[in-house]
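Structure, as structure tokens:
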Amino acid sequence: MAGPSSKRIKTISVSRPIIYGNTARKMGETRPPNAPAEHTHIWTIFLRGPQNEDISYYIKQVVFKLHDTYPNSTRIINAPPFELTETGWGEFDINVKIHFIEEANEKVLSFYHRLRLHPYDMTQPSQEEIKSIFYDELVFNEPNEQFFQTLMTKPGNLLPSNKTDQCPFSKQLEIEEIDRINDGIKEVDKQIEELKGKVAEKLEEKP
Ligand code: SLL
């Protein structure tokens, strides 16, 4: 039965930034002793806060569902760091399920991350470590009162102001992207004007 604390607060939505993805590297001489011979790479999939801050105050459990070629392919992580390191030979989609703390009364959030083992940008010098990492925001619409209070115990937007090698996701990166978008818009506007001019010329040529 719905108690007072499970009442949802209309008109409010609270968001929390999150970073997820994988790193990978080729295994050289230093292989984990139990790695099967056909495994070529060691990789880690993870979910974390942008500055590695604790996210367990609202996330209870993260489940990674691996390809069926893996023994016990459902891997449950019950405490931070919410990450999993494995070895393997192939790329596949990992299903990530985020379970929020009980009081949140939120549905499990399910999404896919494509495990990357190989560099795809051949114009870049081949890196030692492969990274496929994304920034996203978890949005809680109309959280219940108790969960809202819990969320409010920690600062909300923890995006750092500047890029670092460890974490490119930052206000700086957002500003750079906005600048690129604005440059793109300007370029498109310019091309539209040029085309308009050409069309006008053609129309004038006609008898
Ligand atoms: C592929 N569709 O063919 C993909 C499947 C499966 C990856 C990739 C090792 C599992 C294990 C592993 O890397 N599986 O034998 O433990 O590329």
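Indexing begins at 1, ligand by ligand and atom by atom, following the structure's order. For the single chain, residues carry numbers from 1 onward in sequence order.
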Problem - Flag for D93-H113: side-chain donor and acceptor within less than 3.5 Å - result: no
Handout entry: Taking atom 16 (O) of ligand 1 as the reference point, the nearest protein heavy atom with its distance
Key = H39 NE2, 3.2 Å
Practice task
Report the nearest protein non-hydrogen atom to atom 14 (N) of ligand 1: residue, atom name, distance rounded to 0.1 Å.
Solution key: T69 OG1, 2.9 Å
Problem - Heavy-atom nearest neighbour in the protein, as seen from atom 5 (C) of ligand 1, with distance rounded to 0.1 Å - result: H67 NE2, 3.5 Å
Exercise for the section: Could you find the nearest protein heavy atom to atom 13 (O) of ligand 1 and give me its residue, atom name and distance? Expected result: W89 N, 2.7 Å
Completion exercise
Numbered in order shown, the ligand 1 atoms found under 4.0 Å of a heavy atom of G88 are 13 (O)
Handout entry: Nearest non-hydrogen protein atom, atom 4 (C) of ligand 1
Key = E91 O, 3.4 Å
Exercise for the section: Please state whether the rings of Y58 and F147 are parallel, tilted or perpendicular, taking 30° and 60° as the class boundaries. Expected result: tilted
Practice task
Return the orientation label for the F92 and Y70 ring planes: parallel under 30°, perpendicular over 60°, tilted otherwise.
Solution key: tilted
Handout entry: Donor on one side chain, acceptor on other, T150 and E103, under 3.5 Å
Key = yes
Exercise for the section: Please determine if E187 and K190 form a salt bridge, counting it only when a charged side-chain N lies under 4.0 Å from a carboxylate O. Expected result: yes
